[in-house]
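The block underneath contains the structure these notes are about, expressed in structure tokens.
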Amino acid sequence: MTVRVRFAPSPSGYLHIGGARTALFNWLWARNTGGTFVLRVEDTDQERSSLDSVSAILDAMEWLGLDWDEGPVKGGPCGPYFQSERRERYRAVVDEMIGAGTAYRCYATKEELDAARTELKAKDPKAQFVYPGWWRDRRDWPTNAPYVVRFKSPRDGQTTVRDQVRGAVTTPNSQLQDFVLMRSDGYPLYNLSCVVDDHDMGITLVARGDDHLINTAPQILIHEALGWTPPTFAHLPMMLSPKGEKLSKRHAAVAVQDYRARGYSPMGVLNYLVRFGWSHGDQEVFSRSELIGLFGWDHVGKSAGKFDEKKFLDVNFAHLKDERLTDTEAYLAAVAPFLARRGIVEPDPALLRAALPHIRERARTYEEAAFALDYFFRELPEIDPQAAAKFLTPATGPILDGLAVALDASAEWQAAALEARFRAWLESSGHELKLAAQPARVALTGRTASPPLFDVMEVVGRARTVRRLRHAAQTAAGG
RNA sequence: GGCCCCAUCGUCUAGUGGUUAGGACAUCGGCCUCUCACGCCGGUAACAGGAGUUCAAAUCUCCUUGGGGUCGCCA
């Protein structure tokens, strides 16, 4: 049987980092097996779903490179892929179930239910309300009254889920109640639409978050009520906040787009996410193609983990600093928007290529890269006042002037030659490299930390190096 | 509270009966050095507790404890 997996987000916001992890595992499995990755939009909650959310999610998926074979935009043989467009199908299924006696109309109103809930609460605050099945066996349906359709859940026995990562998980059916399949407005509820679509779309494996483990027994029961064979399941361990709570905005950035905005690379994100629950021995860093080749369910863990931004940053860094993982072209394309944000638009490509090797190992994100690249593209660097106060003192003025002259006299404008000139001049004038280096760095970069001085000079070029040294000398004299 | 799931360094994890319990992040030292990084070397740091099974248990079983999930006309 060829693998068909799906990712089924509900469009009520952005793509959550945990959702992205679910999507990734499904996608990897499809790509690993040559199967099909289906994207399905679960927009049956009219109040929460929005078109903006759909495009935000599709956008994030594309950015991550999690391409889908069937779904929105792409289409496919099992469409439509928006649940809101599949209502007749759910209606038909529900009618079939009512006909077969595995579901029934329930005319209890929300008000009646709420009243029963509060009444119970008053009697016993700790008790849990269970729908008592008022309409379970009634046939005296009123005409023109709104109703929901409920599942006629078996009262005894047990249901066992076969799960790729957990093994067999058994729930007593007595725990289940006659849950609602279809709202009074005709829209299906999650458990129904999910089952119908997984069946209709030929899904063979449902991989999703652990929080859905509890939904699985009811879903299997629906499958069985319809005479269908349930797919197999894989419940992924939860991603928790650093404190061990449900991961939300309060604890960390949780939207994929947040990381994009901060200058993370798609593979940095994917690599961090895949290691959350999956491992391959001691290996930490993976390319996209390695991941596809290596991924499998046998090394997916069971225990929930806590989100760690520091590790995340480091994994991203691993991808940015290694040109085998992020080649020059990809790097330059990715850093461009962050340069633009600093006002550096259409930077000189040759200059960019020359500077890049020097900042790669100093930038953990593209945002940091843009910062590290900044002064290469300016006439004069923006000088940090604290750096100036510390290093551009009256005493350093003449040194910087002297250096400007000495370096300008160099025939060759290349790091090693410049260093030789620099050292020679210092020696002849009785200064120490250690003392002259920082003022020169501030002159060149405006900062106290940068790539090696002579590399910077080489990339910045003769004219601007000399100008920067002279300008800083003036500042030093004036300050 | 009922039901379900989970349990190795602070964090992510390797480990599938016999290991000095390994790696990575973080952290702390050191080397390199014109600064910052990168890189390299080294340190601190874990099998939740208790019973079993076994010649042998981080690995198997049970109990306890702890954590998480879920109990909607949300997904």
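Only this structure's heavy atoms are used, side chains among them; waters, hydrogens and symmetry mates stay out. Letters A, B, ... mirror the listed sequences (proteins, then strands); counts begin at 1.
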Hey, does the Lys NZ or Arg CZ of A:Arg447 hover above the aromatic six-ring of A:Phe371, less than 6.0 Å from the centre and inside 45° of the axis?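 So A:Arg447 does make the cation-pi contact.
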If we take the [atom1] atom in both [N] and [M], what is their distance in whole Å?
| N | M | atom1 | answer |
| --- | --- | --- | --- |
| B:A46 | B:U19 | C1' | 15 Å |
| B:U16 | B:A21 | C1' | 14 Å |
| B:C60 | B:C3 | C1' | 26 Å |
| B:G23 | B:U8 | C1' | 13 Å |

Margin query: Tell me the interatomic distance from A:Trp278, atom CH2, to B:U13, atom C1', rounded to whole angstroms.
Written below: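 It works out to 12 Å between those atoms.
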task = Measure from CZ on A:Phe307 to P on B:G68 and round the result to the nearest Å.
result =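 Between P of B:G68 and CZ of A:Phe307: 18 Å.
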- prompt: Out of B:C74, B:C6, B:G15, which nucleotide sits closest to the side chain of A:Leu189?
  reply: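 Nearest nucleotide to the side chain: B:C74.
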### Message
What verdict does the ring-ring contact (aromatic ring centres under 6.0 Å, His included) test give for A:Phe7 and A:Phe37, after you've listed the backbone C-alpha separation in whole Å, the side-chain angles of each residue and the deciding distance to 0.1 Å?
### Response
CA-CA 8 Å; A:Phe7 176 56; A:Phe37 180 54; 7.1 Å; no
Could you write out each protein N or O paired with an N or O of nucleotides 41-43 of chain B at a distance under 3.5 Å?
none

| request: Have a look at A:Gly209 and say if it touches a base, only the backbone sugar-phosphate, or nothing, with a 4.0 Å heavy-atom cut-off. | output: nothing
Original post:
B:C73 base to A:Ser184 side chain: any donor-acceptor pair below 3.5 Å?
Top reply: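 Under the 3.5 Å cut-off, the side chain and the base do form a donor-acceptor pair.
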task: Answer yes or no: side-chain N or O of A:Gln128 and base N or O of B:G2 forming a donor-acceptor pair under 3.5 Å.
output: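 It does not, because no donor-acceptor pair links the side chain of A:Gln128 to the base of B:G2 below 3.5 Å.
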inquiry  = We want to know whether A:Asp197 and A:Tyr81 form a side-chain donor-acceptor pair, criterion being a heavy-atom distance below 3.5 angstrom.
reply    = no
Inset, instruction - Considering just the side-chain nitrogens and oxygens of A:Arg423, establish if one lies under 4.0 Å of OP1 or OP2 belonging to B:C34. - result: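 Yes.
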Considering residues, nucleotides and ligands other than A:Arg138, do more than 12 of their heavy atoms fall under 6.0 Å from its CZ?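 Enclosed.
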Heavy-atom nearest nucleotide on RNA chain B taken for A:Ser279 and for A:Cys106; more 5' hit belongs to A:Ser279
